[in-house]
Amino acid sequence: MLCYESIIKSVIDCYPELVPEDIQLGTPPALEMGDVAIPAFIPAKKRKVAPHVMAQDMAQRVSFDECVATATASGPYLNLFFDRKRVGFAMLRDILLAGDCWGAGGSGRGKRVLIEHTSINPNASPHVGRGRCAMIGDSLARLMRFEGYDVEVHYYVNDMGRQIGLLVLVASELEGVTFDRMLDIYVAANQRAKDDPEFAARGYELLVKMEAGDPETREKFYRVTELCLQGQLEVLRRLNVSYDCFDHESVYVNDPRWPAIEAALEGRGAIFTDEEGRRVVDLSRLGYGAEEGRYFVLRRANGSSMYGCRDLLYSLDKHGRNADINIMVLGEDHKLYAQQLALILDAAGIPAPEAIYYSYIRLSQGIMSTREGNVVLLSDFLDQASAISQDRVTEQFPDLSEDDRRVIADLVAVSAIRFAVLRVKPAKNVIFDLETALSFNGDTGPYMLYCCARIRSILRKWDREIPDLSREAFQVTTDQEWMLLKTMAQLPKVVSDSMIQHNCAPIANYALELAHVFTAFYHECPVLTADNEATLHMRLRLCEAALQTLSNALGILGIDTPERM
RNA sequence: GCCCCGAUAGUUCAGUGGAUAGAACGAGCGCCUCCUAAGCGCUAAACACAGGUUCGAUUCCUGUUCGGGGCGCCA
């Protein structure tokens with residue numbers, strides 16, 4: 001917050017033996033105890049006195065600047081109370097002045113980010129688990145754009161490989177294949193490959209033809225993968241997820257840059273052809289410690305390339321774009337693989353992208369697997385959520401047009417799933433329960449949208465200009481107003497923490513907290529029927545600022561808010 | 001077997017080297033002549049276990065247990 005630096009300076013100015021790092025500001029456990037806490041443990045140790053004595057000494061000797069109204073020692077802490085009028089006015093003015101940029105630190109100005117995420121195999125409609133990657137990546141991209149970075153979002157289209165080969169084999173035998181049928185076809189193709197070795201072998205043959213550039217085969221692959229990709233993108237678009245560039249895996253076969261990578265591996269004695277004719281990397285020559293996972297196959301005996309080959313070239317490509325931050329969002333099942341890739345890249349003198357891992361979303365019945373077909377599809381979830389929400393909106397606003405109701409229902413659905421997924425830190429397994437996700441009560445996306453709708457309702461009813469804030473007339477009269485101001489003031493810190501961690505979960509939890517704090521204010525502090533004009537105007541501005549702050553946070557999460565709901 | 005994650009209320013999740021560990025769902029009891037009850041208030045309920053570092057550990061380190069992921073021609 002605004003005054004932290006000056007508080008620390010005030011303390012160390014008073015005690016020559018202290019340095020800024022000795023003062024670690026905190027927050028007292030309750031509002032009645034103060035706004036800022038200075039723990040006296042470290043200063044006490046340096047001055048060789050008891051902590052509670054040190055706290056009392058600071059209370060008497062330190063003279064704080066005018067933003068601190070009082071300082072009282074409480075055991076081993078010195079608790080400070082802000083001058084609510086002075087500090088509150090400055091906070092509110094800063095928020096309204098910054099507007100859409102409120103909370104942004106500008107750390108990314110003049111810098112570029114390349115982020116790759118989602119990159120689902122083009123085989124079927126995405127399930128909720130796959131969506132986690134998309135939402136994590138999309139929100140990171142939004143966070144970084146918010147911070148001022150020039151962000152480019154990439155999607156790696158895995159339009160090759162065995163799984164796709166099998167899918168192509170079946171799909172191209174059928175007439176009029178649609179995206180909706182693809183999941184069933186894919187599951188069937190995998191089952192058939194399990195049961196029928198001859199069929200599986202035909203899949204490999206198809207791959208060889210594909211790599212050799214056979215036009216007819218390429219055309220078949222293209223038709224199927226493009227149908228899948230476009231279908232997937234449509235679902236992801238409903239979730240507010242979008243991409244700037246699509247990089248197709250197939251362009252990286254027979255890449256002229258490959259020999260340089262092989263040469264680098266030769267130079268380290270790390271590549272060999274095994275007794276059955278495969279090209280294999282021995283990672284132990286590149287510093288890999290364990291026996292398990294030591295060998296990394298680049299090419300099959302029949303000469304066709306493995307995914308790793310293409311991935312190496314893709315990494316090379318991305319590195320060549322010279323971004324300041326190069327990120328990829330990957331499932332935790334890719335950890336070892338990414339580590340292996342990084343070793344090979346390192347041998348070739350190329351830094352690997354920063355990997356952000358996320359764990360699976362599980363169903364209560366177990367893990368979601370497209371191959372097995374036991375999934376909750378994103379599109380089904382969104383449909384159900386929209387339908388439920390639309391019923392409620394219809395009940396509440398019978399006069400709204402069908403279109404308006406649909407817009408609101410979609411916003412509610414998107415907020416529900418994006419918030420539920422993003423508030424959990426990526427490393428955790430999350431358990432997805434459709435029924436819970438479809439109940440819009442409690443700590444949910446819809447709760448926050450509802451909060452925004454209530455604010456807008458107040459602002460709508462006040463159909464005049466709000467007079468400019470006057471420093472003289474400004475007053476914070478209730479704890480709820482003060483809590484709201486203090487909470488809004490935290491956004492810049494939350495954004496910068498999220499930026500450091502490359503993790504948007506703190507933003508999500510902050511947005512929820514802010515909605516709770518606003519709701520407390522809403523219930524305790526009448527706005528339009530406030531006791532006097534100064535309070536009325538101040539609270540209107542508070543509403544504006546709360547809406548702005550919440551919108552900014554939700555914007556990073558890719559959640560848009562409705563005018564009413 | 002080895003490597004990487006995780007473990008907080010009945011459940012799903014937050015959070016923190018420092019004061020009294022927060023929500024929500026579920027359970028119980030209340031609140032709409034009052035800016036939207038998709039809301040609010042109150043009650044009951046948790047840091048897996050054992051050591052260590054520290055003035056102070058739920059947080060950092062080690063071990064154990066349990067859960068997830070991974071470990072050569074899937075991507």
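Within every chain, numbering begins at 1; the chains are lettered A, B, ... in the order of the sequence lines, protein sequences first and strands thereafter.
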Please compare A:T436 and A:F272 by the position of their nearest nucleotide in RNA chain B and report the one closer to 5'.
A:T436
Please determine, for [N], whether a Watson-Crick or G-U wobble partner exists with both distances under 3.5 Å, and give it or none.
N	answer
B:C60	B:G52
B:C34	none
B:G6	B:C66
B:A46	none

Separation of [X] atom [atom1] from [N] atom [atom2], in whole Å?
X	N	atom1	atom2	result
A:F518	B:U36	CZ	P	11 Å
A:K493	B:G15	NZ	C1'	13 Å
A:L449	B:G39	CG	P	12 Å
A:L283	B:C3	CG	C1'	14 Å

Identify whether any heavy atom of [X] sits under 4.0 Å from a base atom; if not, whether one sits that close to sugar-phosphate; answer base, sugar-phosphate or nothing.
X	result
A:A420	nothing
A:A290	nothing
A:V393	base
A:Q339	nothing
A:K428	base

Taking only nitrogen or oxygen atoms into account, show me every contact under 3.5 Å that the protein makes with nucleotides 40-45 of chain B, one pair per line with its distance.
from	atom 1	to	atom 2	distance (Å)
B:C40	OP1	A:Y447	OH	2.8
B:C40	O4'	A:H523	NE2	3.2

Determine whether the side chains of A:N441 and A:S439 contain a donor N or O and an acceptor N or O closer than 3.5 Å.
no
Listed pairs under 3.5 Å, donor-acceptor, residues 391-398 of chain A side chains, sequence neighbours left out:
from	atom 1	to	atom 2	distance (Å)
A:T394	OG1	A:Q390	O	2.6
A:T394	OG1	A:R405	NE	3.1

So, A:H248 side chain and A:S250 main chain: donor-acceptor pair closer than 3.5 Å or not?
no
Of the residues in residues 25-33 of chain A, which ones touch RNA chain B at a heavy-atom distance under 4.0 Å?
A:P28, A:P29, A:M33
Residues in contact with RNA chain B, drawn from residues 305-314 of chain A - heavy-atom cutoff 4.0 Å:
A:M306, A:Y307
Listed pairs under 3.5 Å, donor-acceptor, residues 452-464 of chain A side chains, sequence neighbours left out:
from	atom 1	to	atom 2	distance (Å)
A:R456	NH1	A:T561	OG1	3.0
A:R456	NH1	A:P562	O	2.8
A:R456	NH2	A:T561	OG1	3.3
A:R460	NH1	A:E563	O	3.3
A:R460	NH1	A:E563	OE2	2.7
A:W462	NE1	A:R464	O	3.3
A:W462	NE1	A:E465	O	3.4

Between protein and nucleotides 61-71 of chain B, map the contacts as a letter string: B base, S sugar-phosphate only, - none, heavy atoms under 4.0 Å, written 5' to 3'.
-------BSSB
